[in-house]
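Order of appearance sets the numbers: ligands from 1, and atoms from 1 within every ligand.
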Amino acid sequence: MRQERLRRTEALVLREMDYGEADRILTLLTPGGEVRAIAHGIRRPTSRKVGHLGLFYRAEVMLARGRDLDTITQAEALEEFEDIRSDLLRFTYACYVGELADRFAQQQEESDLLYKLVVTTLRRLGEQPRLRIWVRYFEMRLLSLSGYQPEMFSCVNCRAAICPETNFFSLEQGGLLCNRCGQGQSGARAVSVNAQKVMRYMQSHGPDEVRRLRITDTTHGEIESLLHSYLEYTLECELKSVAFLHRLRRELREAERASAR
Ligand SMILES: [Zn+2]
């Protein structure tokens, strides 16, 4: 079957890179997969695509298939996520979500569920307080829809049901090792009972329940660090936005302390 040269699709701008004098190359997440496309002349103030295709914009675009890159011939913004761009912390979290979405989309063709998950997560990051919870929920959902859902209910080695005690997480085997199997196993990291509970809860509950979760800073930090390691292990790469996120949060905390003095 001959592929249509022109196609219309909804798309979310995940990355942008200036190209030449007035063009920009965009990485677009679409329900049908990830696409790299060039927007000719978009940096000219007179361009009709300006105002429709910023970072994290959701837009309806017309794409013309090219040999290496598609060309964006038309664009109409559907959602701008203004609240994300006007707040540095929200924006930084969105960049992290975008980086993960980009990495996972490169590994799989069908991305309808991924597309919906990313759009919903960006909405939550724009509108809701407690950004960290929504980022953790995103990571957990992302892992399960990509087939990497961490096993949190039974031991990945002996299959025994996980007991409420300190157990161990194996990045390699993608889940918990019971206390007996995990002891002394190199590379397995201890996971507290509370962290295990929260992760299981996120796997088995929807956003309305997750919204009401109370998590201490210590437990949250533990889950965050574990999920980052597991995501990096799964993707076989370092996530660039993580270091920036940590630095920004540190600076915000210091600024808060300084203003409280
Ligand atoms: Zn075991």
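- Near the Zn ion (ligand 1), less than 2.8 Å away, sit the protein N, O or S atoms Cys155 SG, Cys158 SG, Cys178 SG, Cys181 SG.
- If you check the side chains of Arg24 and His40, you find no donor sitting under 3.5 Å from an acceptor.
- Between Phe81 and Tyr57, the ring centre distance reaches or exceeds 6.0 Å.
- Aromatic ring orientation, Tyr137 versus Trp134: perpendicular (interplanar angle above 60°, classes split at 30° and 60°).
- Hydrophobic cluster membership of Ile38, counting Ile, Leu, Val, Met, Phe, Trp and Tyr whose side-chain heavy atoms lie under 4.5 Å apart directly or via other members: Met17, Tyr19, Ile25, Leu69.
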One pair to check against side-chain contact (heavy atoms from CB on, under 4.5 Å): Glu99 and Arg15. What are the steps and the verdict?
CA-CA 8 Å; Glu99 183 181 1; Arg15 288 201 300 181; over 6 Å; no

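- Formation of a donor-acceptor pair under 3.5 Å by the Asn167 side chain with backbone atoms of Cys178 is not found in this model.
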